[in-house]
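Just so it is clear, the structure is predicted and the values come from calculations on it, not from any experiment. One-based numbering, in listed order, for ligands and for the atoms of each. Along the sequence shown, residues carry numbers from 1.
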Amino acid sequence: MPEARALLEVDNATLRFGGLTALDQVTFDIREGEILGLIGPNGAGKTTCFNAMTGVYQLTSGQIRFDGDSLAGRKRHSITKLGMARTFQNIRLFKAMTVLENVMVGADAHSKVSFFEALFRMPRHRRTEAASLARAKELLDLVGIKARHDELATNLSYGDQRRLEIARAMATNPKLLCLDEPAAGFNPAEKQRLMELIRKVRDQGITVLLIEHDMRLVMGVTDRIVVLEFGRKIAEGTPAEIRDNPAVIAAYLGVDEEDAS
Ligand SMILES: Nc1ncnc2c1ncn2[C@@H]1O[C@H](COP(=O)(O)OP(=O)(O)OP(=O)(O)O)[C@@H](O)[C@H]1O
């Protein structure tokens, strides 16, 4: 089978915070249609990489391209418009809004309707609003919380709030959805449901990047995995290849590579 084209290309990415090199010449691709896992021990540079991809940090050197466009100098909003969405390690919902409203806010962030059109409720605005309402309900159904669309977000269980975050990110109509530790604090049953949801997201034609500490989940749901340690890429491959990679085993056990093999 021919390899899918690269949707996101991280090319020799280096990012320094003062004297600390958080990313050191990291190169990898995320291919269209895949679920890619980004893993590594604490402090390996996963979140920094994520933040560089999503416009929170600018690289010291190297490049990140998304769908052929360089992300250099782009702000978060402009990256969302290109088609990249993310969730956060700490849930960031509008707690005083309903579940449905939270998803609609996500859709509005992507809307092509101008402020003027919205202000005067012009036909294009009304059509867009009806379409985003329908899409928001569809997304709530997809993540499994449609029945609770009228609840305040704050009243949802922790697991459902995480699902809502995913629905909200999907409402921006992304090509790539980046999930930052979506299973944090989940019990095994919730992790199982999350795996099913991640597969459903991909089946909607969305490429997925997953940063996650839970190995069982990462191994169970990803197509490929990239491993970072101390800011460097130490391995890349299928879950089976990564599981047996001596450098990865050593990184996780904190022993020398030779001792681990
Ligand atoms: N804003 C910052 N300023 C200075 N140092 C930072 C900053 N953000 C991250 N770092 C440092 O960069 C390194 C990589 O951190 P990062 O958070 O990317 O790791 P991580 O792999 O996401 O870890 P974790 O699994 O613990 O979230 C760490 O040494 C961290 O202390």
Side-chain angles (χ1 to χ4, degrees), residues 8-30 35-64 66 71-77 79 84-92 158 161-162 165-166 169 176-187 190-191 194-195 198 207-222 224-237 239 242-243 245-255 257 260:
L8 185 113
E9 300 157 89
V10 179
D11 181 7
N12 258 303
T14 296
L15 203 153
R16 291 196 192 92
F17 295 112
L20 183 117
T21 306
L23 288 180
D24 193 357
Q25 301 189 12
V26 173
T27 296
F28 67 91
D29 287 343
I30 305 179
I35 302 174
L36 183 94
L38 183 61
I39 66 169
N42 286 336
K46 305 177 296 290
T47 303
T48 302
C49 187
F50 216 70
N51 282 336
M53 285 168 40
T54 50
V56 179
Y57 299 146
Q58 295 294 323
L59 293 179
T60 309
S61 65
Q63 269 229 48
I64 302 181
F66 180 67
L71 299 185
R74 282 184 190 269
K75 295 275 187 304
R76 274 195 247 186
H77 184 66
I79 293 175
M84 203 192 300
R86 69 172 291 182
T87 64
F88 293 87
Q89 257 176 49
N90 310 316
I91 296 177
R92 297 190 188 180
Y158 174 76
Q161 289 193 12
R162 285 231 168 261
E165 267 217 309
I166 294 177
L176 175 66
L177 176 65
C178 306
L179 303 171
D180 195 359
E181 295 195 23
F186 273 16
N187 64 35
E190 285 172 324
K191 284 180 189 164
L194 180 67
M195 281 209 247
I198 293 172
T207 306
V208 179
L209 170 66
L210 174 67
I211 294 190
E212 182 50 60
H213 277 289
D214 187 282
M215 280 301 154
R216 192 188 291 254
L217 192 141
V218 173
M219 294 287 169
V221 78
T222 58
R224 284 192 316 126
I225 297 175
V226 168
V227 189
L228 299 180
E229 186 191 24
F230 298 125
R232 296 207 186 96
K233 183 177 86 175
I234 58 163
E236 176 174 3
I242 294 301
R243 189 181 290 122
N245 183 307
V248 177
I249 297 168
Y252 274 92
L253 297 178
V255 294
E257 206 171 306

Identify the protein heavy atom lying closest to atom 17 (O) of ligand 1, giving its residue, its atom name and the separation to 0.1 Å.
T47 CB, 3.8 Å
May I ask you to identify, for N51, whether its side chain, its backbone, both or neither come under 4.0 Å of ligand 1 on a heavy-atom basis?
neither
among protein heavy atoms, the one nearest atom 25 (O) of ligand 1 is K46 NZ, 2.8 Å
Quick check: does any side chain N or O of K233 sit under 3.5 Å from a backbone N or O of V226, one acting as donor and the other as acceptor?
no
Quick check on F230: does its CZ atom have over 12 non-hydrogen neighbours (other residues, nucleotides or ligands) under 6.0 Å away?
no
Protein contact of atom 19 (O) of ligand 1 - nearest heavy atom, named by residue and atom, plus distance
G45 N, 3.2 Å
Strictly less than 4.0 Å: does any protein heavy-atom distance to atom 31 (O) of ligand 1 fall in that range?
no
Are R86 and T54 close enough that a side-chain donor and a side-chain acceptor fall under 3.5 Å?
yes
I need the nearest protein heavy-atom contact for atom 29 (O) of ligand 1: residue, atom name and distance, please.
L20 CD2, 3.8 Å
Run through I211, I225, T47, V218 and flag the one making a side-chain contact (heavy atoms from CB on, under 4.5 Å) with L38.
I211
Under a 4.0 Å N-O cut-off, is there an ion pair linking R232 with E229?
no
Should you measure from each heavy atom of H213, which atoms of ligand 1 turn up under 4.0 Å away?
25 (O)
So, using salt bridge (charged side-chain N to carboxylate O under 4.0 Å, His left out) as the criterion, who are the partners of R76 when residues are at least two apart?
none
The protein heavy atom nearest to atom 9 (C) of ligand 1 is F17 CE1, 3.6 Å
Here the atoms of ligand 1 under 4.0 Å from any heavy atom belonging to A44 are 19 (O), 20 (P), 21 (O)
Atom 23 (O) of ligand 1: which protein heavy atom is closest, and how many Å away?
G43 N, 2.8 Å
Backbone of S61 reached by a side-chain donor or acceptor of T14 within 3.5 Å:
no
Among non-hydrogen protein atoms, atom 26 (O) of ligand 1 lies closest to N42 OD1, 3.3 Å
Using modelled atom types and a 3.5 Å cut-off, is there a donor and acceptor pairing between side-chain atoms of K191 and backbone atoms of L217?
no
Of the backbone atoms (N, CA, C, O) and the side-chain heavy atoms from C-beta on, which set of Y57 has a member under 4.0 Å from an atom of ligand 1: side chain, backbone, both, or neither?
side chain
Is_contact(atom 6 (C) of ligand 1), protein non-hydrogen, under 4.0 Å
yes
Among all protein non-hydrogen atoms, which one is nearest to atom 15 (O) of ligand 1, and what is the separation to 0.1 Å?
T48 OG1, 3.7 Å
Inspect the contact between E236 and R224 and indicate whether a charged nitrogen and a carboxylate oxygen are less than 4.0 angstrom apart.
yes
